[in-house]
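Here the structure comes first, spelled out in structure tokens, and everything after it is commentary.
Since the model is a prediction, treat every value here as computed from it, not as a measurement.
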Amino acid sequence: MRTIGMLGGMSWESTAEYYRLANELVRDRLGGLHSARLVLVSVDFAEIEVLQVQGEWERAGELLAGHARSLQAAGAELVVLCTNTMHKVVGAVEEAVDVPVLHIGDATAAAAHAQGLTRLGLLGTAFTMEQTFYRDRLAAAGLEVLVPDAADRATVHRIIYEELVLGVVTEESRAAYREVIGRLVAAGADGVVLGCTEIELLVGPDDSAVPVLPTTRIHVEAAVEQALR
């Protein structure tokens with residue numbers, strides 16, 4: 001089993017899911033008392049969030065690159081960046097290490113193709129929905145991407161940063177997300193990308209009329225698959 005390096009803390013709520021899922025998946029694959037062989041660096045999300053808001057993406061990339069080097073020094077044989085939004089700077093992480101960095105967008109695109117999906121609604125932070133770094137990665141894999149309108153994007157983003165990253169999950173917000181998903185489906189989406197790792201704390205398959213792509217689980221499954229090859 002290769003050692004997985006997790007670069008997390010963005011937020012720790014979702015990174016806890018990465019850790020849990022990795023260990024469950026290894027146990028299910030290998031049985032007995034097996035668990036995932038991994039190392040974890042968890043950053044202070046408050047520092048990253050300030051850089052996001054200020055548009056200091058290069059500085060954020062430098063910070064994450066330094067942490068990625070720490071993961072490799074600690075024995076990581078592949079790296080997983082436990083966040084969708086910060087894949088905007090995944091290039092800096094890739095350049096910092098000599099081991100593979102598993103891109104969450106590539107894993108998600110593969111999962112979409114496996115289900116025969118072609119037109120995906122995208123939920124995530126405003127950065128993920130409005131900037132091109134994530135949509136372009138999916139489009140390069142032959143997938144069409146739809147994003148919510150401005151009002152719905154604001155709602156989705158607000159719930160992530162004011163509730164989900166703090167561990168707050170409410171039925172009111174779940175209903176709001178269901179309405180946003182419904183509008184994406186009405187616009188022609190045949191699948192919905194839960195493109196922020198915290199969103200899976202709020203909604204799942206039962207909240208959508210079309211398949212959802214839970215990026216946290218998909219990312220971890222791909223990492224475990226690589227680690228066990």
Side-chain angles (χ1 to χ4, degrees), residues 1-43 45 64-65 67-87 89-91 93-94 96-117 120 122-124 128 134 137-138 140-141 143 164 191-205 211-229:
M1 189 193 313
R2 288 195 285 172
T3 300
I4 300 170
M6 289 187 174
L7 180 44
M10 300 163 281
S11 66
W12 73 259
E13 294 282 348
S14 61
T15 302
E17 287 296 292
Y18 267 84
Y19 182 81
R20 179 182 65 82
L21 287 167
N23 283 290
E24 288 180 352
L25 289 166
V26 170
R27 180 193 61 198
D28 292 346
R29 284 282 301 275
L30 300 182
L33 298 179
H34 284 288
S35 57
R37 186 170 293 158
L38 59 84
V39 291
L40 168 66
V41 169
S42 186
V43 305
F45 188 37
L64 295 186
H67 290 305
R69 284 190 287 269
S70 297
L71 285 172
Q72 182 172 334
E77 296 169 275
L78 64 108
V79 170
V80 174
L81 182 56
C82 304
T83 160
N84 282 276
T85 297
M86 295 312 295
H87 274 73
V89 298
V90 71
V93 174
E94 291 170 333
V97 295
D98 300 319
V99 298
V101 178
L102 182 57
H103 197 293
I104 197 169
D106 294 344
T108 300
H113 286 304
Q115 296 184 55
L117 306 177
L120 303 178
L122 175 62
L123 301 180
T128 298
Y134 201 91
R137 193 82 178 199
L138 296 177
L143 298 164
L164 298 181
V192 175
V193 177
L194 306 184
C196 175
T197 49
E198 287 82 16
I199 292 177
E200 290 160 66
L201 303 175
L202 183 66
V203 295
V212 297
L213 295 166
T215 55
T216 297
R217 175 171 285 276
I218 289 167
H219 204 195
V220 176
E221 287 175 345
V224 169
E225 180 66 26
Q226 283 201 20
L228 295 179
R229 283 178 185 168

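For the 3.5 Å distance criterion, the side chains of Thr128 and Asn84 fail to qualify, holding no donor opposite an acceptor. Donor-acceptor pairing under 3.5 Å is lacking for the side chains of Glu17 and Thr197.
Pairing each heavy atom of Thr215 with each of Leu194, the nearest pair is OG1-O, 2.8 Å. Val220 and Tyr18 get closest at one heavy-atom pair: CG2-CD2, 3.3 Å. Nearest heavy atoms, Met1 versus Ser35: CE-O, 3.5 Å. Listed here is the closest heavy atom pair of Gly195 and Leu122: CA-CD1, 4.3 Å. Closest approach of Leu120 and Ala112 over heavy atoms only: CD1-CB, 4.0 Å. Scanning both residues, Glu198 and Ser11, for their nearest heavy atoms gives OE2-OG, 2.6 Å.
Annotation: side chain of Ile4 is not in contact with side chain of Arg37 (no heavy-atom distance under 4.5 Å). Taking the side chain as every heavy atom from C-beta outward, Met86 and Leu7 never approach each other to under 4.5 Å. Put simply, the side chain of Met10 does not reach to within 4.5 Å of the side chain of Thr85, judged on heavy atoms. When side chains are defined from C-beta on, Thr108 does not count as touching Leu143, because their heavy atoms never get closer than 4.5 Å. With contacts defined as side-chain heavy-atom distances shorter than 4.5 Å, the pair Val203/Val212 does not qualify. For the pair Thr15 and Phe45, the minimum side-chain heavy-atom distance is 4.5 Å or more.
With His219 contributing its side chain and Leu102 its backbone, the two residues share a donor-acceptor pair below 3.5 Å. Side-chain atoms of His103 never come within 3.5 Å of backbone atoms of Arg137 as a donor-acceptor pair (strictly under, hydrogens ignored). The main-chain N or O of Ile104 is found under 3.5 Å from a side-chain atom of His87 such that the two form a donor-acceptor pair. With hydrogens and angles disregarded, no donor-acceptor distance shorter than 3.5 Å links the side chain of Arg217 to the backbone of Leu21.
The distance from the CZ atom of Arg2 to the CG atom of Leu228 is 9.5 Å, given to the nearest 0.5 Å. The structure places CG of Asp28 at 6.5 Å from CG of Leu25, a figure rounded to the nearest 0.5 Å.
If you run side-chain contact (heavy atoms from CB on, under 4.5 Å) between Gln72 and each of Thr3, Val79, Val97, Leu78, only Val97 comes through. Test Glu24, Glu225, His34 against Arg29 for side-chain hydrogen bond (donor to acceptor under 3.5 Å, both in side chains) and you get one pass: Glu225.
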